[in-house]
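In the text below, chain A, chain B and the rest are named by the order of the sequence lines, each starting its count at 1.
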Amino acid sequence: MTEVGAGVDQRHEGEGGELLEVRGLTKTFGALKACDAIDLSIGKGEIHALLGENGAGKSTLVKMLFGALEPAAGEIRWKRRVVAIQSPGEARRLGIGMVFQHFSLFEALTAAENIMLALDDTTPILQVAERARELSKAYGLPLDPFAHVGDLSVGERQRIEIIRCLLQKPDLIILDEPTSVLTPQEADRLFETLETLRDEGKSILYISHRLEEVKRLCDRATVLRHGRVVSHCDPRRETAASLARMMVGDEVDTVKRVGSVDASGQSLLEVKGLSRPAANPFAVSLREISLSVRAGEVVGIAGVAGNGQGELFEALSGEALQDKAGAIRVRGTDAGRLGISGRRLLGAAFVPEERLGHGAAPQMRLSENLFLSRHVTDAGAFVGALGTVRSGALANAAARIVEAMDVRKGGEDPEASALSGGNLQKFIIGRELDRQPAVMIVNQPTWGVDAGAAARIRQALIDLARSGSAVLVISQDLDELFEICDSVAVMHDGRLSAPVPIAEATFEKIGLLMGGATPERAEPPEKAETA
Amino acid sequence: MRLELVKRPQHSVLFSAVSPLIALLLTMIAGAIMFSVLGKNPLDALYYYFIDPLRETWSLHELAIKAAPLILIAVGLSVCFLSNNWNIGAEGQFIAGAVAGSILPVVLPDFQNWLVLPLMLVMGIAGGATYAAVPAFLKARFNTNEILTSLMLVYVAQLFLDWIVRGPWRDPGGMNFPETRDFHTFAVLPELMPSAGRANWGIIFAILAALCLWFILRRTRKGFEIRVLGQSPRAGRFAGFSSPRMIMLAFLISGGLAGLAGISEVAGAIGQLQPSISPGYGFTAIIVAFLGRLNPLGIVAAGFVLALSYLGGEAAQISLGLSDKAARAFQGMLLFFVLGCDTLIHYRIRFVGRAPRAREAIDHA
């Protein structure tokens with residue numbers, strides 16, 4: 001693959017010069033070249049996309065630009081001068097601002113207080129709030145500076161981050177996967193803001209793996225794969241398929257949905273009137289959730305992050321117990337008072353959102369992590385007399401799963417943290433599929449997973465359902481839900497909507513439900529004020 | 001200027017393996033410097049510390065006597081530390097075991113038959129475990145900080161022992177000395193080879209306990225549970241393990257073993273209760289546990305090293321007139337270097353200057 005240089009847009013050369021130019025930037029972690037001689041240039045007033053799968057080196061590159069990591073080789077030119085950016089503070093002084101994917105906000109403080117914490121000077125809080133309000137008006141980012149962050153939606157929190165960044169008057173703004181937490185409508189408004197900023201001459205480095213977005217918004221794109229630049233291109237002249245090919249390196253299998261659901265299938269997972277008070281001030285309480293998943297069916301739960309999906313998963317898995325045994329029924333048996341092991345014995349399997357530290361213990365080997373979720377259900381195979389662990393049987397089973405899910409790893413039985421996110425997720429899903437569970441509950445199955453692995457995981461979930469199991473998928477990725485689900489329900493503020501059959505579901509309809517609208521109230525209230 | 005610890009992307013397997021040895025070496029160097037500052041010849045001092053106690057059979061027996069409680073306690077602590085429970089109160093559990101185990105020979109001196117010793121050992125284990133159950137229950141139920149509660153209970157136990165040997169349990173025929181009556185023959189832990197030295201069954205208990213726990217930690221589901229809950233509690237919960245139950249179990253095991261060490265010490269080397277029955281075994285065992293890398297077999301070796309530092313301290317005190325505090329300082333340095341080496345395996349130190357402006361080194365424009 002030698003696409004380097006193909007379709008390079010030359011029009012910025014020789015003009016007023018580039019705002020940022022990066023040449024040969026390299027960063028190594030041990031034997032791994034996370035970034036290998038990266039070239040990148042961003043002109044004034046352009047939105048530049050940085051595309052790549054997980055593990056392609058996007059984050060490492062951005063951390064070097066933002067002063068959080070020190071490059072091993074190469075140079076960064078900022079406004080035509082070679083600079084060594086040694087800390088985020090220095091990056092900000094130079095005029096580089098960043099909005100992180102995972103927000104760094106204190107939930108107990110107000111928006112204005114959070115903004116003030118990031119400013120170096122000692123501006124009075126009222127002045128900060130006033131400036132924040134002005135900016136929020138100017139850029140169509142409605143925000144109450146005195147609202148407590150804990151009460152705000154994810155979209156609103158992102159606005160705080162953006163305003164905080166703008167207050168420092170940056171010339172270059174780096175946005176890391178900004179739409180991954182937004183409803184489609186919220187994302188549209190973010191794009192308008194970004195276009196306004198571009199028209200003012202600000203430059204934006206936009207990191208994403210959503211190709212349609214990049215095609216719509218960005219002027220130029222740099223595509224990374226395995227730490228190298230594979231292409232500089234104009235995304236508007238590319239197709240989503242050609243961009244995906246550059247990112248992945250070859251064709252991505254499309255997911256095949258064969259057969260249709262037998263509507264008379266037996267209901268294997270039933271939830272009736274499930275409520276759960278918030279465990280702490282920043283958790284979401286669940287209110288009267290009911291749903292049922294039949295054999296052969298994939299049901300999706302959409303929703304913006306932080307609307308109770310994590311709490312629902314904990315309640316379903318048995319990590320948090322219910323008051324009423326009948327609130328959750330697995331294969332017709334009351335499971336509300338059973339712990340996670342009891343529910344597994346009824347035939348349920350669970351894949352949590354966090355891979356490291358929840359679904360897998362980072363410092364433990366793959367075979368030990370296999371034991372983690374299956375020591376009760378497969379005690380006969382894996383536990384010997386005296387309670388000993390049968391490491392031989394575990395190693396064989398781990399090898400079988402690695403083979404079945406095409407998990408790529410270094411070493412015979414590496415620690416979970418040594419695997420890339422996508423490969424670990426394939427292993428964790430494979431670990432549960434290997435049991436042929438009757439009920440499978442997955443939270444964010446492909447979060448942060450590269451396209452190839454994601455397609456494999458989605459296909460595996462569909463195949464499991466078609467073989468007669470009930471599959472429940474909680475996801476923020478609407479494309480994913482539309483791809484694999486037979487019906488989609490939406491979670492908002494701890495409530496679950498009625499499921500919408502996939503044939504009747506549209507992005508618009510689900511997006512509105514995600515924003516909290518009831519189906520009758522088509523327009524979300526804020527939309528009018530920015531339009 | 002300030003220092004920052006930066007996590008290394010991967011840690012060296014070689015240095016992980018030799019880190020305890022490097023720590024020992026650094027301790028010796030630092031110790032040599034300390035001795036020269038104190039005006040002693042450092043080579044002499046190191047000789048008395050580390051070589052002299054190993055030259056004769058009887059002093060090897062003394063080494064076993066000192067190593068036994070250290071190993072017993074540290075093996076129990078390894079279960080606690082691996083499961084992320086910070087039991088700092090083993091010294092108190094040691095005393096509680098010694099007191100509980102001494103009830104029979106002190107209160108019922110006329111009850112004399114072969115049942116006494118096994119009962120004493122069982123009561124010692126029960127006493128230590130019960131005492132450890134207090135901070136465990138407080139943590140499991142009320143989420144208190146077990147470091148504080150277990151440490152504070154040490155002082156309670158020490159004062160209780162002091163009071164009981166001066167008060168109700170004082171030997172009626174003991175000329176008012178603050179100590180209990182001598183244990184009768186059925187209540188004394190037999191020596192292994194009486195003709196060669198004083199070493200008793202305590203060291204056998206210690207090695208058996210180490211072997212048992214090594215097997216449990218490395219080979220069984222229970223050991224897996226202990227490690228998972230220690231390393232990532234949430235993954236442990238996902239596996240269906242219960243944190244509160246693990247807190248109780250870890251404290252009961254380590255308290256029980258500390259109690260066994262306590263009753264073995266008074267029924268073996270001492271033969272009665274005194275106001276002070278431990279030169280800080282319960283605290284030194286923390287060093288032993290970490291020097292042995294929380295591996296019961298490593299702990300056996302580490303227990304002998306620390307026992308040597310006790311004996312060497314005594315030898316240096318007699319031969320060179322070094323204060324007995326030097327031995328404690330020595331142990332402290334050892335813990336410092338062990339933890340320091342372990343930290344530097346996983347992190348490297350970075351010096352951060354006082355916010356230098358952007359280095360605009362070369363200007364091509």
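Neither side chain, A:S417 nor A:Q363, offers a donor N or O lying under 3.5 Å from an acceptor on the other. Neither side chain, A:E368 nor A:H375, offers a donor N or O lying under 3.5 Å from an acceptor on the other. In the model, A:D413 has a side-chain atom that pairs as donor or acceptor with a side-chain atom of A:S367 under 3.5 Å.
With a 4.5 angstrom heavy-atom cutoff, B:R218 does not touch chain A via any of its atoms. When heavy atoms are compared at a cutoff of 4.5 Å, A:I85 does not approach chain B at all.
Heavy atoms from other residues, nucleotides or ligands lying under 6.0 Å from CZ of B:F15 number 12 at most.
Counting heavy-atom pairs closer than 4.5 Å to chain A, the top-ranked of the candidates B:G240, B:A235, B:S232 is B:A235. Of the listed residues (A:A91, A:A379, A:P352), the greatest number of heavy-atom pairs within a distance under 4.5 Å of chain B belongs to A:P352. Across A:R390, A:E314, A:R344, A:R343, the residue that shares the most heavy-atom pairs under 4.5 angstrom with chain B is A:R344. Contact count against chain B (heavy-atom pairs under 4.5 Å) is highest for A:G357 among A:G357, A:G359, A:G318, A:A361. The choice from B:R219, B:K222, B:E225, B:R237 that makes the most heavy-atom pairs within less than 4.5 Å of chain A is B:R219.
Between B:F81 and B:F290, a ring centre-to-centre spacing shorter than 6.0 Å is recorded. Ring centroids of A:F350 and B:F238 are separated by 6.0 Å or more, keeping the two rings apart.
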